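For reference, the structure is listed below as structure tokens.
Predicted model, so just to flag it, every value in this text is computed and none were measured. Along the sequence shown, residues carry numbers from 1.
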Amino acid sequence: MSACERCKGLVVNYHEITIQNDKYKIIGSVDLCLIENRALYIIECKSINKKDWEAMVRPQPDHVIQVLLYWFLMREAGYSLNETASILYVVKEF
């Protein structure tokens, strides 16, 4: 494995999982998948400004639909999935 020239730490390559469904003519890229209990746990990462983060009381509906669509597409493709998925909000100012 190669090392970062700046911090000398190991370089980690990040690749989103791209899932395609020809029946529905949809392609999506899942931000993050973890393995939990021998199945994939889908996580969609969203950046949000600090003002909106402080006012947030629930996930934004379009983000919920997006992560559920990814879950559906992966299930249709035959992946072993956990029954739940998550949305991870990251404040842009941090």
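Summarising the geometry of Ala39 relative to Leu81, their closest heavy-atom pair is CB-C, 3.7 Å, with the distance given to 0.1 Å. The shortest heavy-atom contact between Tyr79 and Ile17 is OH-CG2, 4.3 Å. Here the shortest heavy-atom pairing between Val67 and Ser86 reads CG2-O, 3.7 Å.
When hydrophobic side chains of Ile, Leu, Val, Met, Phe, Trp and Tyr are connected at separations under 4.5 Å, Leu32 ends up clustered with Leu34, Tyr41, Ile43, Leu88, Val90.
Legend: residues meeting side chain to side chain contact (heavy atoms under 4.5 Å, CB included) with Glu76, ordered by chain and number and at least two apart, are Asn21, Phe72. Qualifying side chain to side chain contact (heavy atoms under 4.5 Å, CB included) partners for Asn49, counting only residues two or more places apart in sequence or in other chains: Lys51, Asp52, Glu93.
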Tell me which donor-acceptor pairs under 3.5 Å the side chains of residues 22-30 have, and how far apart each pair is, sequence neighbours excluded?
| from | atom 1 | to | atom 2 | distance (Å) |
| --- | --- | --- | --- | --- |
| Asp22 | OD1 | Gln20 | NE2 | 2.7 |
| Ser29 | OG | Thr18 | OG1 | 3.4 |

Name each donor-acceptor pair under 3.5 Å that joins a side chain in residues 55-65 to protein atoms two or more places apart or in another chain, with its distance.
| from | atom 1 | to | atom 2 | distance (Å) |
| --- | --- | --- | --- | --- |
| His63 | ND1 | Tyr89 | OH | 2.7 |

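For the pair Trp71 (side chain) and Asn82 (backbone), a donor-acceptor distance under 3.5 Å is present.
Pairs passing the salt bridge (charged side-chain N to carboxylate O under 4.0 Å, His left out) check and including a residue from residues 31-48, sequence neighbours excluded, read Glu44-Lys46.
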